[in-house]
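Quick caveat: nothing in here was measured; it's all calculated off a predicted structure. First the proteins, then the strands, lettered A, B, ... as listed; each starts at 1.
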2 protein chains.
Amino acid sequence: MGGSSEQKSNQREATAIERTLEAVGDRWSILLVRAGLRGIRRFDDFCADLGIARPVLTDRLRRLVRLGIMERTPYQEKPVRYEYRLTEAGLALSPALVALVRWSEEYGAGGISDSRLVHSTCGTELEQAFWCRRCQTTFGPQAVKGVGRGVDAGPQADVHKDVPAGGSAK
Amino acid sequence: MGGSSEQKSNQREATAIERTLEAVGDRWSILLVRAGLRGIRRFDDFCADLGIARPVLTDRLRRLVRLGIMERTPYQEKPVRYEYRLTEAGLALSPALVALVRWSEEYGAGGISDSRLVHSTCGTELEQAFWCRRCQTTFGPQAVKGVGRGVDAGPQADVHKDVPAGGSAK
DNA sequence: CGACTGAGTTCGGAATTGAAACTCAGTCCG
DNA sequence: CGGACTGAGTTTCAATTCCGAACTCAGTCG
């Protein structure tokens with residue numbers, strides 16, 4: 001096309017985020033994971049709690065199971081009944097969920113937040129940061145570099161200002 | 001169960017995550033934000049880079065602007081041309097993006113990762129954590145408590161194991 | 001035996017996509 | 001001057017996907 005000589009990363013190989021979103025990037029999957037974190041496990045409960053249509057729920061649960069995010073196991077034998085619970089991979093999505101909640105708390109439309117995330121041992125509102133094992137410091141998104149081509153907070157990721165970024169830790 | 005004495009958080013009032021997902025919870029919005037972080041700003045570039053259909057792109061960009069996640073400004077006057085760039089609120093979504101990338105790196109299907117996130121100053125792979133300003137420590141998702149009803153990693157959020165959680169940070 | 005549970009399925013109809021072609025203003029080239 | 005080109009969108013129409021409600025099926029309870 002045009003004179004462009006640059007080759008953007010096109011669809012051939014999905015990037016990390018694309019792959020993640022393929023798994024949980026639809027309107028419901030993340031909500032299902034969240035429900036799972038809240039302890040919901042049974043079909044009808046997911047259905048009632050989220051207001052998701054049954055056929056869609058069936059499909060999503062199956063996909064999450066296939067992707068190893070949830071597990072379907074019988075919780076009683078009499079009439080065999082199955083429940084869905086998060087696997088380790090599913091639980092590992094919680095940082096992402098928390099990040100989304102935090103965002104909504106800060107920038108969400110309306111501004112009113114019905115829930116605040118706090119550090120359970122002291123009740124202080126938490127901040128999110130990255131942790132470098134080697135340097136033993138926390139730092140913000142602007143010090144993250146993508147090696148390869150998933151995310152490189154390149155050209156314009158500099159406007160930040162409210163991230164802990166090295167709160168103390170050094 | 002039948003009588004349902006428990007009041008799950010139903011659809012009446014959207015929870016924090018629900019509100020966030022309403023903004024960026026569709027198949028494309030997050031990808032658009034990511035593209036924005038990578039420096040893409042122009043309509044056709046978003047289109048080519050993501051392979052998104054034009055009508056959908058139009059719609060999503062408009063929504064992101066309406067939600068204050070992106071800004072539409074002219075970048076030349078001759079023939080007026082507009083570009084879309086992330087606002088502060090948009091940039092603030094990066095922790096969530098990073099969390100998603102991290103997840104894919106660790107649990108993503110296939111296992112092959114085309115990008116690893118590292119601490120830019122030392123090249124070490126980063127870990128994600130939460131930071132408590134008061135306690136001056138980092139901690140993992142299991143020590144997060146939701147006050148209100150957004151997320152409370154309640155009943156089963158205990159299986160974790162690979163989060164720094166207080167690595168040292170002091 | 002009849003009502004009830006829990007986990008799905010099977011319908012239509014409604015809303016969203018997606019690909020490709022078309023519009024429009026203005027600029028560049030010969 | 002006129003045709004080709006850009007960039008940012010529309011329009012059109014077929015193909016998906018989604019929702020809501022009703023239905024199935026196995027097994028249990030009273």
Inset, instruction - Check whether any side-chain heavy atom of B/Val80 sits under 4.5 Å from a side-chain heavy atom of B/Tyr82, and report yes or no. - result: yes
Legend entry - Donor + acceptor pair across side chains of A/Tyr75, A/Arg81 (<3.5 Å): no
Would you say [N] has OP1 or OP2 under 4.0 Å from some side-chain N or O of [X]?
X	N	result
B/Trp28	C/dT16	no
A/Arg27	C/dA15	no
A/Tyr84	C/dG6	no
A/Tyr75	C/dA7	yes
B/Arg60	D/dG9	no

Inset, instruction - Counting heavy atoms from C-beta on, name the nucleotide in C/dG8, D/dA8, C/dG26 closest to the side chain of A/Arg72. - result: C/dG8
Without decimals, in angstroms, what is the distance between [X] [atom1] and [N] [atom2]?
X	N	atom1	atom2	result
B/Leu31	C/dT17	CG	P	14 Å
A/Leu57	C/dT9	CG	P	10 Å
A/Tyr82	C/dG6	OH	P	16 Å
A/Asp49	C/dA7	CG	P	14 Å
A/Arg62	D/dT17	CZ	P	16 Å
A/Glu22	D/dT17	CD	P	13 Å
B/Ile52	C/dG18	CD1	P	7 Å
A/Leu61	C/dG6	CG	P	16 Å

Inset, instruction - Have a look at A/Phe46 and say if it touches a base, only the backbone sugar-phosphate, or nothing, with a 4.0 Å heavy-atom cut-off. - result: nothing
Inset, instruction - Decide if atom CZ of A/Arg63 counts as having more than 12 heavy atoms of other residues, nucleotides or ligands within a radius under 6.0 Å. - result: yes
Inset, instruction - Measure distances between side-chain N and O atoms of B/Arg42 and base N and O atoms of D/dG7, and say whether any donor-acceptor pair falls under 3.5 Å. - result: no
Legend entry - Check ion pair B/Arg102-B/Glu105 (N to O, under 4.0 angstrom): yes
Legend entry - Charged N-O contact under 4.0 Å between A/Arg27 and B/Asp26: no
Inset, instruction - Would you mind telling me which residue lines up with the more 5' stretch of DNA chain C, A/Thr58 or A/Arg81, judged by nearest nucleotide? - result: A/Arg81
Inset, instruction - Using heavy atoms to find the nearest nucleotide of DNA chain C for A/Glu83 and B/Arg54 separately, return the residue whose nucleotide is more 5′. - result: A/Glu83
Inset, instruction - Between A/Pro55 and A/Val80, just flag the one whose closest nucleotide in DNA chain D comes earlier from the 5' side. - result: A/Pro55
